[in-house]
Visitor: 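Below you'll find the structure I mean.
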Amino acid sequence: MATYEHVFIARQDVNASQVESITADFSKIIEENEGKVAKTEYWGLKNLAYKIKKNRKGHYVLMNIDAPHAAVAEMERQARLHEDVIRFMTIRVEELEAGDSIVLRAKADKERRGPRPERGDRGDRGDNRGERRPR
């Protein structure tokens, strides 16, 4: 069987439990067609680069899939028909990525670093900058 990464974006006005329900529906379609979903990741509500079907934000979900092409084609057909899914993309990969995706690793790294310093408080100038020169 082939391995795929499938990312879909759900509308901003659905809640997280409804997004999980959509993900479960897509997983069920894959499993009914003799495939398996290796991993699902909910990336959260993110801003879109541009409006898609009058939406400025969307819930992003990644699914790693090991299934025949017929199963993926049926899942994509259902995604086209689903009114809460505004975009999706499926890519065939050589092997599935182990562990968290780059998006979740970046999110964890950002949380680990903490908040950014204030704009005027860079810390590299020190407090002793001297007097301003006259105009």
Visitor: Which residue, R80, H82, E74, forms the side-chain hydrogen bond (donor to acceptor under 3.5 Å, both in side chains) with Q78?
Guide: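 Considering R80, H82, E74, a side-chain hydrogen bond (donor to acceptor under 3.5 Å, both in side chains) with Q78 is found only for E74.
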Visitor: Decide, yes or no, whether a salt bridge links E31 with K28 under the criterion of side-chain N to carboxylate O below 4.0 Å.
Guide: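 Not counted as a salt bridge, because no side-chain N and carboxylate O are separated by less than 4.0 Å.
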Visitor: H59 and V14: which non-hydrogen atoms are nearest, and at how many Å?
Guide: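 Looking at all heavy atoms of both residues, the closest pair is NE2-O, 2.8 Å.
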Visitor: Taking all atoms of both residues into account, what is the closest heavy-atom pair of K57 and Q12, and its distance?
Guide: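 Answer, listing the atom of K57 first, then Q12: N-OE1, 3.0 Å.
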Visitor: Tell me whether I22 shares a hydrophobic cluster with Y42, the cluster being built from Ile, Leu, Val, Met, Phe, Trp, Tyr side chains joined at under 4.5 Å.
Guide: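 In one cluster with I22: Y42, yes.
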Visitor: Could you give the distance from OH (Y4) to CG (D66), rounded to the nearest 0.5 Å?
Guide: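 Between atom OH of Y4 and atom CG of D66 there are 9.5 Å.
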Visitor: With hydrophobic residues grouped by side-chain heavy-atom distances under 4.5 Å, do Y50 and L45 end up in a single group?
Guide: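 Shared cluster, no.
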Visitor: Mark yes or no for whether H6, through its side chain, and L62, through its backbone, hold a donor-acceptor pair below 3.5 Å.
Guide: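 Pair absent, no side-chain N/O of H6 close to backbone of L62.
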Visitor: Is the shortest distance from a Lys or Arg side-chain nitrogen in K39 or E5 to a carboxylate oxygen in the other one below 4.0 Å?
Guide: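 No, K39 and E5 are not salt-bridged.
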Visitor: Is the count of non-hydrogen atoms from other residues, nucleotides or ligands lying under 6.0 Å from E34 atom CD greater than 12?
Guide: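 No, because the 6.0 Å sphere around CD of E34 holds 12 heavy atoms or fewer from other groups.
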Visitor: Give the C-alpha distance, both sets of side-chain angles, the deciding distance and a yes or no for side chain to side chain donor-acceptor pair (under 3.5 Å) between E95 and T3.
Guide: CA-CA 6 Å; E95 61 184 51; T3 54; over 6 Å; no
Visitor: I'd like to know if the side chain of T23 and the backbone of V19 have a donor-acceptor N/O pair within less than 3.5 Å.
Guide: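 Yes: the side chain of T23 pairs with the backbone of V19.
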Visitor: M63 and F88: same hydrophobic cluster, using ILVMFWY side-chain contacts below 4.5 Å?
Guide: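 In one cluster with M63: F88, yes.
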Visitor: What are the two closest heavy atoms between M1 and P68, and how far apart are they?
Guide: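 In this case the closest contact between M1 and P68 is SD-CD, 3.4 Å.
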Visitor: Identify the two heavy atoms, one from S27 and one from T40, that lie closest to each other, and give their separation to 0.1 Å.
Guide: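 What the structure gives for the nearest pair is OG-CG2, 4.5 Å.
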Visitor: Check whether V7 and I52 end up in the same hydrophobic cluster, where Ile, Leu, Val, Met, Phe, Trp and Tyr are linked by side-chain heavy atoms less than 4.5 Å apart.
Guide: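 Yes: a chain of side-chain contacts under 4.5 Å links V7 to I52.
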Visitor: Tell me whether N55 contacts the main-chain N or O of K51 through its side chain, where contact means a donor paired with an acceptor under 3.5 Å.
Guide: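 It does not hold such a pair.
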Visitor: I'd like to know if the side chain of E41 reaches the main chain of S101, judged simply by a donor and an acceptor atom lying under 3.5 Å from each other, with no hydrogens or angles considered.
Guide: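 Indeed, once roles are kept as given, a pair shorter than 3.5 Å links the two residues.
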Visitor: Just so I know, are the side chains of L48 and I9 near enough to count as touching, which here means a heavy-atom distance under 4.5 Å?
Guide: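 A side-chain contact exists here, since the closest heavy-atom pair is under 4.5 Å.
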Visitor: Ring centres under 6.0 Å, that's the criterion: do F8 and F26 meet it?
Guide: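 Judged by ring-centre distance (under 6.0 Å), F8 and F26 do meet the cut-off.
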Visitor: Apply salt bridge (charged side-chain N to carboxylate O under 4.0 Å, His left out) to the pair E83 and K53, showing each step before the final yes or no.
Guide: CA-CA 11 Å; E83 62 186 22; K53 298 182 182 175; over 6 Å; no
Visitor: Keeping Q18 on the side-chain end and N15 on the backbone end, is there a donor-acceptor pair under 3.5 Å?
Guide: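 Yes; at least one donor-acceptor contact below 3.5 Å.
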Visitor: Closer than 4.0 angstrom, basic N to acidic O: yes or no for R11 and D84?
Guide: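 Here R11 pairs with D84 in a salt bridge, since their nearest N and O are under 4.0 Å apart.
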Visitor: N33 and A71: which non-hydrogen atoms are nearest, and at how many Å?
Guide: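 Shortest heavy-atom contact: CB-CB, 3.4 Å.
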Visitor: I need the single residue from R92, K36, M75 that forms a side chain to side chain contact (heavy atoms under 4.5 Å, CB included) with I65. Which is it?
Guide: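 One option only clears the test, and that one is M75.
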Visitor: With heavy-atom distances below 4.5 Å as the criterion, would you say the side chains of V103 and K107 are in contact?
Guide: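 A side-chain contact under 4.5 Å is absent here.
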Visitor: Which heavy atom of I30 sits nearest a heavy atom of A67, and at what distance?
Guide: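 Where I30 meets A67 most closely, the heavy atoms are CG2-CB, 3.9 Å.
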